Structures are given as C-alpha cells and as structure tokens.
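Worksheet: one structure, shown below.
Here, residue 1 is the first one in the sequence, and each next residue gets the next number. Bear in mind that the values here come from a model prediction, so they are computed numbers and not experimental data. The figures that follow rest on heavy atoms only: side chains count, while hydrogens, waters and symmetry mates do not. Whatever order the structure lists ligands and atoms in, that order sets their numbers, starting from 1.
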Amino acid sequence: MTTLPIIDIAPFLNRDLADESNRAATSAALHKACVEYGFFYLRIEAFVDSSEPQELAQLARAFFDLPQENKDKLALKNQDYARGYAKLKENVTNGKADAHEGLDFYRPVLNPNKKKALWGENQWPTEIPQFRKKFEIWINKMKELGMIVMEAMSQGLGMTQDEWEELRAQVDDSFWVMRVIGYPSLPKDHDGISCGAHKDYGCLTFLYADPTPNALQVFLDRGGSEKGTWINADPIPGCIVCNIGEMWEIWTNGLYRSTLHRVVHRGTNYRVSIPFFFEPNFDALVKPLPAVKRRVEAEESLSKRVRRPVKYGEFLMSKVGNNFEKGDASGRYGTISKL
Ligand SMILES: O=C(O)CCC(=O)C(=O)O
Ligand SMILES: [Fe+2]
C-alpha cells in the first residue's frame with residue numbers, strides 16, 4: 001500500500017550551519033515528492049503546536065453548530081460571491097453538488113468593492129469569541145510557512161540565490177485563501193463523495209483536517225497503462241497534508257505534478273478541515289523557471305513541452321470571476337472541475 005512521503009521542515013526553521021546537510025535532505029525530499037506525487041505530509045511540529053489547529057477545528061465546529069439563519073447572514077452574495085459562507089450543496093464540482101458547507105476568506109484588498117469579483121471583504125462570525133483572532137494568527141503562520149517551503153523547494157530545484165529572489169518576489173504578497181469546511185455524515189444511499197475530484201489552482205495547499213480517517217483521497221497515476229488508484233491521505237499527528245497547485249506545473253513545465261484529490265466521507269461524524277492556499281501575488285507573472293529549463297536540457301528523458309505563462313490574478317479571475325457573473329457560488333475556489 002503506497003503512502004505519501006513525510007517531510008520535516010524543521011531544518012529550514014533556523015539558519016544553523018550545522019543543519020546544512022539536513023536542509024539539503026529536506027529540499028531533495030520535497031523535489032522527489034513533487035515529481036512523484038505532488039502531495040506529501042509536512043511535519044510542522046517544530047513550527048506550530050498541534051493544539052493550535054485543534055483549537056481552530058473546535059471554533060469551526062462551533063460556527064457550523066450555529067442555527068442555519070445565523071450562518072446565512074454571512075452568505076457569499078453579501079460580498080463578492082467568493083468571501084463568506086456557502087451552505088451545504090451550494091458548491092459544485094464536476095457538475096455535482098458537494099456535500100459540505102464552508103466559510104471562505106481571502107487576502108484583504110485595499111479599497112474593497114463588492115461589485116468587483118474577488119474584491120469584497122471577509123465576513124467573520126462575531127458570535128464565536130476568538131474565532132477571528134485565532135484564525136488570523138493561523139493565517140500569518142501559514143503565510144510564513146509558505147515562504148519557508150518555497151525557499152526549500154527552490155533549493156530542491158537547484159535554483160541560484162538570484163533565481164530564488166526572483167521567485168520570492170512572485171509570492172511574497174500571497175493572494176492567499178483559507179477555507180473552513182464542514183462535512184456532515186451522509187445519507188445511506190449517497191455515493192459518499194463529499195467533494196469531487198479536482199486539482200488546486202495555485203501554489204501550495206496546507207491542509208489541516210480533524211482525525212477522521214478515509215476521507216481525503218489522492219489519485220495516483222504513475223504514467224502506466226492502468227487507470228490509477230485512489231489512496232487515502234489520513235491525517236498524521238504533527239503534520240499537515242501539503243499539495244502543489246497548477247502554478248507549480250507552469251513554473252516547472254509539468255515536472256512537478258498538481259494531483260487530483262477528492263473527499264469521500266462515509267463516516268457518521270461531522271468532519272472539519274481547514275485548507276490554507278498559499279498562492280502567488282495577484283500580479284505575479286508565472287512562467288517556466290530557468291532552473292527547470294537547465295534540468296530539462298541536461299536530462300534526455302524529461303518532457304520538452306513548454307507551458308504558457310499566466311498572470312496569477314487573471315488566471316484566478318477566469319475561474320472564480322465566472323461565478324461572480326452568474327451570481328452564484330458553484331465551482332468556487334479550489335474545486336473547479338479538472339477532469
Ligand atoms: O477537506 C479536504 O480534506 C480537502 C479539501 C480540498 O481539497 C479543497 O478545498 O481544495
Ligand atoms: Fe483541493
């Protein structure tokens with residue numbers, strides 16, 4: 001049974017010279033995981049105490065436990081159809097309603113304007129004391145972690161310091177997204193797919209999920225003739241699940257894979273997950289990296305296909321802006337069909 005690799009980020013949390021070889025091992029492991037799976041576990045216990053996301057999951061539960069009318073007060077339509085609360089089945093993936101409810105937050109913008117796609121204001125629940133404060137602490141930590149993992153990945157790709165600085169300037173003001181998702185138990189006749197198969201859009205997804213087993217599944221297709229298999233990515237204490245989004249496919253001309261995943265929740269409990277999407281800056285021009293070109297030229301076996309550059313904000317608008325025009329939340333952030 002294949003399981004995803006576990007990679008410890010601890011060596012990148014300090015500048016200790018003695019940790020140089022551990023840093024190289026972490027970077028090499030990230031590189032391998034991104035080529036082979038596009039998914040891995042990131043051990044972050046040296047960075048955050050596990051009680052922190054556990055507390056966030058409790059706050060999330062307290063929100064989802066509120067009467068429906070209280071939750072509906074934060075409806076997406078109050079803002080830009082991207083920020084706020086989407087009730088059960090409001091989100092659609094692959095033409096099918098997802099069996100989850102969720103609360104989405106985006107990087108705040110200067111001069112918010114709810115008549116403009118993605119440019120509204122976040123809607124925080126006021127009934128749950130501490131909700132905003134604790135989640136804002138988490139957002140700051142995940143942004144910091146994003147920069148740390150990006151630097152580690154740049155080393156795994158053999159980038160020079162100048163090249164890393166150029167990449168860093170594309171992600172140092174991340175247009176991040178955080179989703180707080182609740183998955184109720186499903187009726188007996190439901191196929192169990194609570195969130196349809198999709199790839200994530202952007203750069204890095206950091207997922208904290210409660211301990212519910214057999215829920216998140218990752219599609220493994222090793223380029224063979226057979227159809228591929230779904231494997232479980234059950235939570236591991238001290239780790240988050242990390243996957244790479246489509247921007248990494250562009251930066252690496254497809255050397256790194258953005259992998260399909262889905263949620264199948266057949267349990268009787270109410271599952272909570274909190275994905276944080278660490279994305280490029282809104283204005284970033286994402287294009288194949290010189291370090292990847294070097295690698296592709298040096299290695300006969302690598303694909304020579306070159307990806308078209310995209311402006312991250314335009315790419316995102318082309319996905320989410322569509323929901324805005326339709327005035328609905330179908331196929332929101334992260335779950336547009338890619339099949
Ligand atoms: O809830 C999960 O485990 C995954 C959610 C997800 O893949 C997403 O929101 O993009
Ligand atoms: Fe996802």
Can we say [X] and [Y] salt-bridge, meaning some charged N sits less than 4.0 Å from an Asp/Glu carboxylate O?
X      : Y      : answer
Arg307 : Glu249 : yes
Arg168 : Asp162 : no
Asp80  : Lys114 : no
Arg15  : Glu151 : yes

Check for me whether the distance between the ring centres of Phe276 and Trp176 falls short of 6.0 Å.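 Ring centres of Trp176 and Phe276 closer than 6.0 Å.
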
Applying a 4.0 Å heavy-atom criterion (strictly less than), which segment of [X] is in contact with ligand 1: side chain, backbone, both, or neither?
X      : result
Phe277 : side chain
Val241 : neither
Lys199 : neither
Asp200 : side chain
Ala209 : neither

Report, in ascending order of atom number, the atoms of ligand 1 lying under 4.0 Å from any heavy atom of [X].
X      : value
Leu207 : 2 (C), 3 (O)
His261 : 7 (O)
Val263 : 1 (O), 2 (C), 3 (O), 4 (C)
Arg179 : 9 (O)
Ile181 : 9 (O)
Tyr183 : 1 (O), 2 (C), 5 (C)

For His198, state whether at least one heavy atom is located under 4.0 Å from any atom of ligand 1. yes

Any heavy atom of Arg262 closer to ligand 1 than 4.0 angstrom?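 Contact check Arg262 vs ligand 1: negative.
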
With carbon and hydrogen excluded and only N/O/S kept, which atom of Asp200 is nearest the Fe ion (ligand 2)?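 Among the N, O or S atoms of Asp200, the one closest to the Fe ion (ligand 2) is OD1.
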
Angular separation of NE2 (His198) and NE2 (His261) seen from the Fe ion (ligand 2), to 10°: 90°

Path from Ile137 to Phe278 over hydrophobic side-chain contacts below 4.5 Å: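 Different clusters.
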
Tell me whether Met317 is reachable from Val177 by hopping between hydrophobic residues (I, L, V, M, F, W, Y) whose side-chain heavy atoms are closer than 4.5 Å.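 Yes; tracing contacts between hydrophobic side chains, which count when under 4.5 Å, links both residues.
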
Any chance CD of Glu166 has more than 12 other-residue heavy atoms, nucleotides or ligands included, within less than 6.0 Å? no

Hey, does the Lys NZ or Arg CZ of Arg271 hover above the aromatic six-ring of Tyr183, less than 6.0 Å from the centre and inside 45° of the axis?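 Positive - Arg271 is close enough to the ring of Tyr183 and near enough to its axis.
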
